[in-house]
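These numbers were taken from a predicted model, which means no experiment stands behind them.
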Amino acid sequence: MKVLFATSEALPFYKTGGLADVARALPDALVERGHDVRITMPGYSFLSHALTGTSVDAELEIPWPGGALAARVACHVPSAGAVAAFMLTRTLFDTLQPYDAIPRDELGLGRRFAFFCRAVVAYARHWGADIVHLNDWQTGLVPLYAIIDGMNAATLFSIHNLAYQGNFPPLLLADIGVPSSFLRTENGIEFHGQASFMKGAIALADRLATVSPTYAREIQTPAGGAGLEGLLSHRRRTLHGVLNGIDTQAWDPARDALLPAPYNARTVAQKAQCRSALIAAAGVSGAGPVLGIVSRLAHQKGIDILVDAMPRLVALGCTMVVLGSGDPRHERDLAELARQHPEQIAIRYGFDEPFAHLIYAGADFFLMPSLYEPCGLGQMIAQRYGTPPVARRTGGLNDTIVDGATGFLFDDPVAAAFIEAVTRAVAVWQGSGWRALQSRCMRQDHSWNRSAGEYERLYNLAMGALAP
Ligand code: ADP
């Protein structure tokens, strides 16, 4: 199959969250299985270093209000794995923060990704894709432009996070060459008076996927559907929950060059050296269990629950090492707690890959008190590193953690329930079951191979090559 995988971010070029991991690992796994896969993403101007050494694959003319715009497709061919095809165009991608609207230009963000979507359609035609795999709202207008411009390839739309929808004032449509009739028709992109990229894709893609079976159920309910639960349950027969995997080469405690002492399930005692290095780097005591967090500091991630629970966790003798970036309010709250308990709480801000590896390896437990979590990668990485997760029972956390066997789960999104789960976890850490818990975690298979096979099946369903 010729699979065009359209995304706003992909490793090793640009990453803000789990999508970038998926956008590298799934295409690579599909290449392994014999498919011809291209990852296509915007050629943001800040990627200029990655763009040197690429070769021009196509010069496309993209229909656009006021006259066609040129888009050049530059391919990066790695020694192994999927080719990356960057969409280059003058002016549209010359921003440093691709997902943020430029002040006083609310529509600029919508124009930027609408153009990307239209260019994806043109490239799918040029390259002769069989299937276009779309990811999140930034690619949401592809099925619509496929109707306007014509495209033979089938579409699968993956929802990684339903909360980010790409909703814009309807006047955007004139700017991006979409007839206003699409706002009126039942299967259009109208969503509460706005033009919604997410809604358009959910209505028009041939097949829908999301990143865990539990999240696939949750988004069909008012609590998890972000207003789109009605349409999603209407389309439930085309909606599939497929668990993400992790890149088991990049995340391998036995071969991780970023660790002071690599280890596997048999030599897990060497993990203690990673723990010592983590404590030293963070400047904390580490007398009791060390709880690690690597996360965007966003409401979704349950940072309020964490902040509420921290004084009690300190009293229980725990040490916490937090790596994160995001909402300044959460940063302030965490900084204040670290100031009050410098021996037991350390915070590091920013995006820091090496420190993230040290936390996954050096912590005793990994915390994810998320309010919702479509799939979550952190808990799977932590399990692979022998660091049992303590997490809220939601989305993919529910599908990847068995309470008491491969981590610990709590239900109510409140500090008391979280503290109770950590208390149970600490009891195991102090008791005789600890090594068995660690090795069960490390034995979990989180490789992409199984899920890649499932996507193959979905591609065939989308193309109508399989009976539903
Ligand atoms: P989301 O995509 O919602 O942010 P996921 O759990 O799916 O959450 O993916 C998060 C990924 O980003 C994981 O690989 C995690 O290790 C990484 N990550 C998150 N924050 C940071 C950070 N501050 N520094 C380094 N890596 C981070």
Side-chain angles (χ1 to χ4, degrees), residues 253 256 258-263 267-295 297 301-325 330-350 352-369 378-379 381-383 385-391 407-408 410 415-416 418-435 437-438 441:
D256 191 329
L258 295 167
L259 302 185
Y263 58 91
T267 60
V268 70
Q270 277 158 237
K271 191 175 184 315
Q273 292 178 50
C274 300
R275 189 182 192 275
S276 304
L278 174 62
I279 293 167
V284 285
S285 90
V290 176
L291 316 179
I293 294 123
V294 179
S295 181
L297 300 181
K301 300 292 179 181
I303 307 299
D304 289 306
I305 299 173
L306 175 71
V307 164
D308 284 353
M310 274 179 150
R312 184 77 193 115
L313 297 177
V314 165
L316 284 171
C318 300
T319 292
M320 283 154 277
V321 182
V322 183
L323 169 64
S325 64
H330 292 314
E331 291 195 8
R332 274 196 304 277
D333 289 350
L334 291 165
E336 177 56 23
L337 281 160
R339 199 188 55 74
Q340 288 169 12
H341 308 282
E343 291 280 293
Q344 281 173 272
I345 300 181
I347 313 290
R348 187 176 292 191
Y349 300 112
D352 188 336
E353 195 77 33
F355 198 57
H357 282 245
L358 195 57
I359 290 179
Y360 285 117
D364 298 309
F365 294 100
F366 189 79
L367 307 183
M368 290 182 78
Q379 80 281 15
I381 299 170
Q383 285 173 337
Y385 280 67
T387 309
V390 181
F408 299 86
F410 65 99
F418 181 38
I419 292 162
E420 187 271 334
V422 175
T423 308
R424 285 193 290 127
V426 171
V428 176
W429 181 75
Q430 288 163 334
S432 56
W434 172 241
R435 279 283 182 260
L437 170 65
Q438 271 189 317
C441 286

**Request:** Verify, without hydrogens or angle tests, whether Gln270 (side chain) and Pro262 (backbone) share a donor-acceptor contact under 3.5 angstrom.
**Result:** yes

**Item:** Side-chain heavy atoms of Phe365 within contact of Val428, under 4.5 Å
**Value:** no

**Message:** On a heavy-atom basis, which atom in Gln383 and which in Pro389 lie closest, and how many Å separate them?
**Reply:** CG-CD, 3.7 Å

**Request:** Side-chain contact test, heavy atoms from C-beta onward, threshold under 4.5 Å: evaluate it for Leu358 versus Leu258 and give yes or no.
**Result:** no

**Message:** Are more than 12 heavy atoms, taken from residues, nucleotides or ligands other than Arg312, located less than 6.0 Å from that residue's CZ atom?
**Reply:** no

**Message:** For Gln340 and Glu336, which I'm curious about, is there any donor-acceptor pair between the side chains at under 3.5 Å?
**Reply:** yes

**Asked** Can you tell me if Thr267 uses its side chain to pair, donor with acceptor, with the backbone of Tyr263 under 3.5 Å?
**Response** no

**Item:** Side chains of Tyr360 and Cys274 in contact at under 4.5 Å (non-hydrogen atoms)
**Value:** no

**Request:** Quick one: closest heavy-atom pair of Gly407 and Leu437, and the distance?
**Result:** N-CD1, 4.0 Å

**Request:** Please tell me if the side chains of Ser295 and Met368 come closer than 4.5 Å, counting only heavy atoms from C-beta onward.
**Result:** no

**Prompt:** Between Asp256 and Tyr385, does a side chain to side chain donor-acceptor pair (under 3.5 Å) hold up when you go through it step by step?
**Reply:** CA-CA 10 Å; Asp256 191 329; Tyr385 280 67; 2.6 Å; yes

**Item:** Residue pair His330 / Lys301, side-chain heavy-atom distance below 4.5 Å
**Value:** no

**Item:** Neighbour count >12 (heavy atoms, 6.0 Å) for atom CD, Glu343
**Value:** no

**Message:** Is any side-chain heavy atom of Val390 closer than 4.5 Å to one of Phe418?
**Reply:** yes

**Prompt:** Between Val284 and Val290, is any pair of side-chain heavy atoms under 4.5 Å apart?
**Reply:** no

**Item:** Residue of the set Asp352, Val322, Ile359, Val321 for which side-chain contact (heavy atoms from CB on, under 4.5 Å) holds with Val294
**Value:** Ile359

**Prompt:** Would a 4.5 Å heavy-atom cut-off, applied to side chains only, mark Ser325 and Tyr349 as touching?
**Reply:** no

**Complete:** What one should report as the nearest heavy-atom pair of Ile347 and Ala335 is CG1-N, 4.5 Å

**Asked** Between Gln344 (side chain) and Cys318 (backbone), is there a donor-acceptor pair under 3.5 Å?
**Response** yes

**Message:** Keeping Thr319 on the side-chain end and Gly286 on the backbone end, is there a donor-acceptor pair under 3.5 Å?
**Reply:** yes

